[in-house]
Amino acid sequence: PELPVQLGKLVTLKTLALDHNLLVELHPSIGSLESLTVLHLSHNKLLDLPIEFFDLTSLTVLSLDHNQLAYVSGALSAFNKIKELQLSYNILREFPESIASLKKLEKLSMGANAFRRIPDAVTALTNLNEIWLSEMLTFSDEEHLPDWMDRLTALRELHINDDPNRDLPEVVRNRGVDSILNWVARVNASKESGKLNLAGLGLKECAWIPFRKELQVVDFSKNRIEEISENVLCVPSITSLN
């Protein structure tokens, strides 16, 4: 299924919501919707975007998550007014570097794709304050923060969107960017050492633990946890739990 060509005649249209359908492609006439500011195309079966799609330069919100996009054209840079972009749950093989030119971008969702690295160019997004990523892209083998994360000066929220149960603890997110970066740094350090220090973070419940196979020691002391959750108890390598 695709959109009818007549849709392109709605030149004064500002919002278009076509999420949760079975669209496989978009007719080039969609590029005629020059007044469009909000476009929702999530949860379809889109394989590609016509070059005319990138004529929608008035867009401020674009949702393309939960489709089957393997590639996004560099023409994405034409969306110089966009503030929110959702591309999670596609099959993107590379992080589209053209995203780095979207200077007004504030919210970006890129988790659950096939790419394995985020280019340093993303640090040019000086207004980006919310980002959704895969667990693999958030945590790494390194014992420090990924450079791009530490240099996003406006960042206020970071989420793991492979699985809601694996998101950062709410108490960590609510305390702001320093708390978030501290959490990521602690988890990354555990990959090499096998020791995860989560002491004194005000946790109310046991959080999801990345790098589970490597862990031997977990320190939950000085928190507000009332019960040890199954996601901790089922880690067979743990030899010490505080």
Side-chain angles (χ1 to χ4, degrees), residues 42 60-63 65-66 82-89 95 99 102 104-113 118 122-140 142-191 193 195-212 215 217-235 238 241-242:
S42 305
T60 59
V61 176
L62 174 59
S63 301
D65 54 286
H66 294 84
I82 203 158
K83 294 184 177 180
E84 181 175 341
L85 176 61
Q86 298 184 26
L87 281 166
S88 292
Y89 293 94
F95 186 101
I99 287 177
L102 306 178
K104 294 187 178 181
L105 195 63
E106 297 176 359
K107 299 180 181 181
L108 176 63
S109 178
M110 295 296 297
N113 277 289
I118 295 178
V122 76
T123 59
L125 298 174
T126 55
N127 288 308
L128 189 67
N129 56 63
E130 295 184 29
I131 190 167
W132 283 257
L133 295 171
S134 299
E135 183 176 82
M136 176 187 67
L137 293 168
T138 305
F139 303 110
S140 71
E142 303 171 1
E143 290 192 27
H144 53 78
L145 291 170
D147 287 343
W148 63 265
M149 189 182 296
D150 199 25
R151 292 163 57 193
L152 285 174
T153 55
L155 188 66
R156 294 293 177 270
E157 294 190 28
L158 184 149
H159 297 269
I160 309 296
N161 64 348
D162 303 83
D163 179 341
N165 294 323
R166 298 189 181 193
D167 203 354
L168 276 67
E170 184 178 3
V171 66
V172 171
R173 289 187 280 109
N174 288 347
R175 289 179 177 175
V177 65
D178 288 341
S179 175
I180 291 170
L181 298 183
N182 178 39
W183 174 271
V184 174
R186 289 190 188 204
V187 171
N188 283 348
S190 74
K191 172 70 173 180
S193 68
K195 301 177 181 179
L196 179 57
N197 176 14
L198 300 180
L201 294 177
L203 299 177
K204 297 179 181 179
E205 57 186 18
C206 295
W208 172 259
I209 301 178
F211 304 140
R212 295 152 63 85
L215 280 180
V217 177
V218 180
D219 187 354
F220 280 120
S221 62
K222 299 179 182 178
N223 283 292
R224 300 177 181 177
I225 297 171
E226 296 182 357
E227 182 179 357
I228 302 299
S229 65
E230 184 67 24
N231 81 75
V232 175
L233 295 175
C234 68
V235 181
I238 291 180
L241 182 60
N242 299 328

May I ask you to check whether over 12 heavy atoms, not counting those of Glu205, lie within 6.0 Å of atom CD? no
Is a donor on one side and an acceptor on the other found under 3.5 Å between the side chain of Arg173 and the backbone of His159? no
Say you draw a straight line from CG of Asn242 to CG of Leu196; how long is it, rounded to the nearest 0.5 Å? 11.0 Å
Going from OG on Ser221 to CG on Asn197, what distance comes out if it is rounded to the nearest 0.5 angstrom? 7.0 Å
Looking at every heavy atom in both Ala112 and Ser134, which two are closest together, and how far apart are they? N-OG, 2.6 Å
Whether Asn223 side chain and Leu201 backbone form a donor-acceptor pair below 3.5 Å: yes
Side chain to side chain contact (heavy atoms under 4.5 Å, CB included) between Leu105 and Asn127: does it pass, once the steps are laid out? CA-CA 6 Å; Leu105 195 63; Asn127 288 308; over 6 Å; no
Closest approach of Ile82 and Val61, non-hydrogen atoms and distance? CG1-N, 4.3 Å
Are Leu108 and Leu102 packed together at the side-chain level, in the sense that at least one heavy-atom pair is separated by less than 4.5 angstrom? no
Between Asp65 and Trp132, is there a side-chain heavy-atom distance shorter than 4.5 Å? no
To the nearest 0.5 Å, how far apart are CG in Leu85 and OG1 in Thr60? 11.5 Å
In Å, rounded to the nearest 0.5 Å, how long is the span from CD1 of Ile225 to NZ of Lys204? 12.0 Å
Would Leu181 and Met149 count as a side chain to side chain contact (heavy atoms under 4.5 Å, CB included) if you check the C-alpha gap in whole Å, the side-chain angles of each, and the deciding distance to 0.1 Å? CA-CA 8 Å; Leu181 298 183; Met149 189 182 296; 3.5 Å; yes
Under the 3.5 angstrom rule, does the side chain of Ser190 hit a backbone N or O of Val187 as a donor-acceptor pair? yes
Given Glu84 and Gln86, is the side chain to side chain contact (heavy atoms under 4.5 Å, CB included) satisfied, shown in steps? CA-CA 7 Å; Glu84 181 175 341; Gln86 298 184 26; 2.8 Å; yes
Is there a donor-acceptor pair under 3.5 Å between the side chain of Thr123 and the backbone N or O of Trp148? no
How long is the span from the CD1 atom in Ile238 to the NZ atom in Lys195, to the nearest 0.5 Å? 14.0 Å
Donor-acceptor contact below 3.5 Å, side chain Ser88 vs main chain Met110: yes
Just do the side chain to side chain contact (heavy atoms under 4.5 Å, CB included) check on Leu125 and Ile99 with the steps written out, would you? CA-CA 8 Å; Leu125 298 174; Ile99 287 177; 4.0 Å; yes
In Å, rounded to the nearest 0.5 Å, how long is the span from CG of Asn113 to CG of Leu133? 10.0 Å
With salt bridge (charged side-chain N to carboxylate O under 4.0 Å, His left out) as the rule and sequence neighbours excluded, what pairs involving residues 150-160 come up? none
